[in-house]
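The structure appears below as structure tokens.
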Amino acid sequence: MTAPDRYAVWAPTPERVRLVVDGTEYPLTRGTDDWWTTDAIVPVVGARYGFRIGDDDAVRPDPRSRFQPEAVHGPSEVVDPARFSWTDDAWTGRPARGGVIYEMHVGTYTPEGTLDAAAAKLEHLVELGVEFVELLPVNAVNGEWNWGYDGVGWFAVHAPYGGPDAYDRFVDRAHALGLGVIQDVVYNHLGPSGNYLPLYGPYLLQGLGNTWGDSVNVEHPEVRRYVLDNVRMWFRDHHVDGLRLDAVHALRDTTRPHVLQAMASETDAYSAFVGRPLSLIAESDLNDPIMFRPQEASGYGLAGQWSDDFHHAVHVALTGETNGYYADFAPLSALAKVLEHGFFHDGTWSSFRGKRHGRPIDRGTSPTTALVVANQNHDQIGNRAAGDRLAATVSDEGLVIAAALTLLGPFTPMLFMGEEFAASTPWQFFTSHPEPELGKATAEGRIKEFAEHGWDESAVPDPQDPTTFTNSKLDWSDVDSERGAAILRAYRVLVALRRTDQAFVDQRYEANAVRCSEDRRWLVLTRGLLGPDARPVHVVVNFLDDAAEVPVPGATGEELYRFGEADVATDCVRFTGRGVVVLR
């Protein structure tokens, strides 16, 4: 694709639209398809432009703007999508299923908080052994920093991160190092400031909202095309390898095919064209395998979905927290069920929701790797009152147990930035809304939300306080601390162990078995049970600080990894306290 050959905007709502380029106004002509265009001026790279809608003389940004150099309320800038000199012709990609994913927030990953600074740190991920870096949303948002989920410029890369040029440099560098890139995108809502789409047309469903505001009107053909064109943009123009689709349960669509299925078809078609794997991963609260079931079997055909059940089960087993949605995961058998069946709530009663929740996974046809799991992620840390990580309350042995279950378990593992070296910094909810009233409402809403969950209101930091953002930046000196270095060594070994034995990447549910003791709080995950030459491996965990003797029938004592004090013998492992042992 080259630079656009004309200015154009879809705007069925207003009776008049005027184009403004570098201060000069041009009338636009309306087509029968409600696209407004002009032949009076040709787009030139670097030109600043926008639209005057109706009789309003304010200049509004382009809904498809590629760059907002003066933030979301300012003019758009013409960008040539083909401007970048890519060097990744040799990159063949890889499927996201089964790959180790690393979740990163650009603004807090480095002191500088830019894409170029993050690109300079990618060797750390290569040494760690991960295969994908997943970026939290980088869309244009109002303010200097936030999590990214309040984006209003879906086609534009946030200017403080470096804009589209820095983004392409990041992806190109990642590919040069053998890393795939997954981009987190938000199609279920728009941010509270800078959203001018309703001025142009029926982009939103008025009165039909979700947690974050009015829902996106994906049932309208042009709005659906707007979404699908955005999907294609990331793959075609920015060379990403996958998209993580935020909160798809908030998408309202009664048409067929469902918009998620349409996204998958669009992605598969472009994947076949470029000859490399491209993946879509949903964040879904539905626990419904329709997300990753093939389209031929009446599914949406996505590569996978996030599974919070794994996080909840591991978190409760390590911390003992049972408030809120953790309550149903108190028994250790909850973790055992997740490891063997994928979902815990698969039609079972959810006390948090007050109803039955989820559907069972067909274990005979679905791969385990269709579920992306984490023991920590941006939501599960950042939505705690103080944004505290596991490292703030769990011992080193507990951290490595969590890592072992994540990395050696049957699912697609994802790590959250900093967990690999027990980051000492929290990751809190932060915003930088320029509008005082919006900042005040956000802070008050945050306190109210945590009060309803029984959290201490005084522990909730003000999202608008700049220190909430700066406190959430990784402290890279943690890598060289005694604790950080020990945890990092453990993570590197566990990531490498995945590739030393086929049992750890077997994606068949039937290849796994779990035994556990509720009262003694130990668990044995056995992997690699299928095949004529099967040599099962056992991930043996003691969750208590007390001594425990864990029976492992058939184990020969061949130890592959250990963290914590333990004695490995034939048919059993004797722990002196909390720890994990991997053996045959």
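- We find the CZ-CG distance between Phe292 and Leu302 to be 10.0 Å, quoted to the nearest 0.5 Å.
- Residues passing the side chain to side chain donor-acceptor pair (under 3.5 Å) test with Thr431, sequence neighbours excluded: Gln464.
- Asp328 meets the salt bridge (charged side-chain N to carboxylate O under 4.0 Å, His left out) test with no other residue; sequence neighbours excluded.
- His341 and Tyr509 have their aromatic ring centers separated by at least 6.0 angstrom.
- Residues forming a side chain to side chain donor-acceptor pair (under 3.5 Å) with Arg389 (at least two apart in sequence, or on another chain): none.
- For the pair Arg562 and Asp567, the salt-bridge criterion is not met [side-chain N within less than 4.0 Å of a carboxylate O].
- Using modelled atom types and a 3.5 Å distance limit, the side chains of Asp309 and Asn287 yield a donor-acceptor pair.
- When all heavy atoms of Ser481 and Asp478 are compared, the pair lying nearest together is OG-O, 2.7 Å.
- The distance between the ring centers of Trp522 and Phe543 does not fall below 6.0 angstrom.
- With rounding to the nearest 0.5 angstrom, the OG1 atom of Thr365 is 9.5 Å from the CD1 atom of Ile361.
- With contacts defined as side-chain heavy-atom distances shorter than 4.5 Å, the pair Arg535/Arg584 qualifies.
- Ion pairing between Lys473 and Glu112 fails under the 4.0 Å rule for side-chain N and carboxylate O.
- Partners of Asp475 by side chain to side chain donor-acceptor pair (under 3.5 Å), not counting sequence neighbours, listed by chain and number: Ser477.
- Between Phe575 and Ala566, the shortest heavy-atom distance links the atoms CD2-CB, 3.8 Å.
- Taking the ring centroids of Trp476 and His124, they lie under the 6.0 Å cut-off.
- Between Asp346 and Arg356 there is no salt bridge, since none of the side-chain N atoms of the basic residue sits less than 4.0 Å from a carboxylate O of the acidic one.
- The 12-atom threshold is not exceeded at CD of Glu565, counting heavy atoms of other residues, nucleotides or ligands nearer than 6.0 Å.
- Smallest separation of non-hydrogen atoms from Gly418 and Leu474: CA-CD2, 3.8 Å.
- Of the residues Trp427, Trp147, Tyr149, the one that meets the side-chain hydrogen bond (donor to acceptor under 3.5 Å, both in side chains) test with His378 is Tyr149.
- At least one side-chain heavy atom of Phe170 sits under 4.5 Å from a side-chain heavy atom of Leu135.
- Here CG of Leu371 is found 5.0 Å from OG of Ser307. Values are rounded to the nearest 0.5 Å.
- Remark: Thr576 engages no residue in a side chain to side chain donor-acceptor pair (under 3.5 Å) (not counting sequence neighbours).
- Between Phe344 and Phe329, the distance from one ring center to the other falls under 6.0 angstrom.
- Of the residues Ile487, Val394, Val541, the one that meets the side chain to side chain contact (heavy atoms under 4.5 Å, CB included) test with Val400 is Ile487.
- Taking every heavy atom of both residues into account, Pro192 and His433 meet most closely at CG-CE1, 4.2 Å.
- The backbone N or O of Leu335 lies less than 3.5 Å from no partner atom in the side chain of His312, so there is not a single donor-acceptor pair.
- Within the 4.5 Å cutoff, the side chain of Leu245 has no heavy atoms near those of the Ile281 side chain.
- Of all non-hydrogen atoms in Thr114 and Val106, the two that sit nearest each other are C-CG1, 3.5 Å.
- Side chain to side chain, His538 and Thr526 meet the donor-acceptor criterion of an N or O pair below 3.5 Å.
- No more than 12 heavy-atom neighbours from other residues, nucleotides or ligands sit within 6.0 angstrom of CD on Gln502.
- For the 3.5 Å distance criterion, the side chains of Asn542 and Arg578 fail to qualify, holding no donor opposite an acceptor.
- Using a cut-off of 4.0 Å between Lys/Arg side-chain N and Asp/Glu carboxylate O, Arg521 and Glu518 are scored as salt-bridged.
- Distance check: Asn142 CG to Asp150 CG gives 9.5 Å after rounding to the nearest 0.5 Å.
- Taking the six-membered ring for Trp, His105 and Phe430 have ring centres closer than 6.0 Å.
- Side-chain contact between Val186 and Asn188 is present, with at least one heavy-atom pair separated by less than 4.5 Å.
- Counting heavy atoms from C-beta outward, Arg499 and Phe504 have side chains that stay 4.5 Å or more apart.
- Of the N and O atoms on the side chains of Glu131 and Tyr102, not one donor lies less than 3.5 Å from an acceptor on the other residue.
- With contacts defined as side-chain heavy-atom distances shorter than 4.5 Å, the pair Leu179/Leu125 qualifies.
- Note: Asn139 CG to Leu136 CG = 11.0 Å, rounded to the nearest 0.5 Å.
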Atom pairs and distances, side-chain donor-acceptor, residues 404-417, under 3.5 Å, sequence neighbours left out:
residue : atom : partner : partner atom : Å
Thr406  : OG1  : Asn375  : ND2          : 2.9
Thr406  : OG1  : Ala402  : O            : 2.7
Thr412  : OG1  : Gly98   : N            : 2.8
Thr412  : OG1  : Thr369  : O            : 2.7

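- Looking at Ser350 and Arg353, their side chains do bring a donor and an acceptor atom within 3.5 Å of each other.
- Salt bridge Glu340/Arg515: absent, no basic N to carboxylate O contact under 4.0 Å.
- Between Tyr326 and His315, the angle of the ring planes stays under 30°, which puts this pair in the parallel group of the 30/60° scheme.
- A salt bridge does not link Glu510 with Arg363: every distance from a Lys NZ or Arg NE/NH1/NH2 to an Asp or Glu carboxylate oxygen is 4.0 Å or more.
- Across all their heavy atoms, Ala327 and Ser351 have their closest contact at CB-OG, 4.1 Å.
- In the displayed structure, Arg359 atom CZ is contacted under 6.0 Å by at most 12 heavy atoms of other residues, nucleotides or ligands.
- Between the side chains of Gln305 and Tyr300, no donor N or O sits under 3.5 Å from an acceptor N or O.
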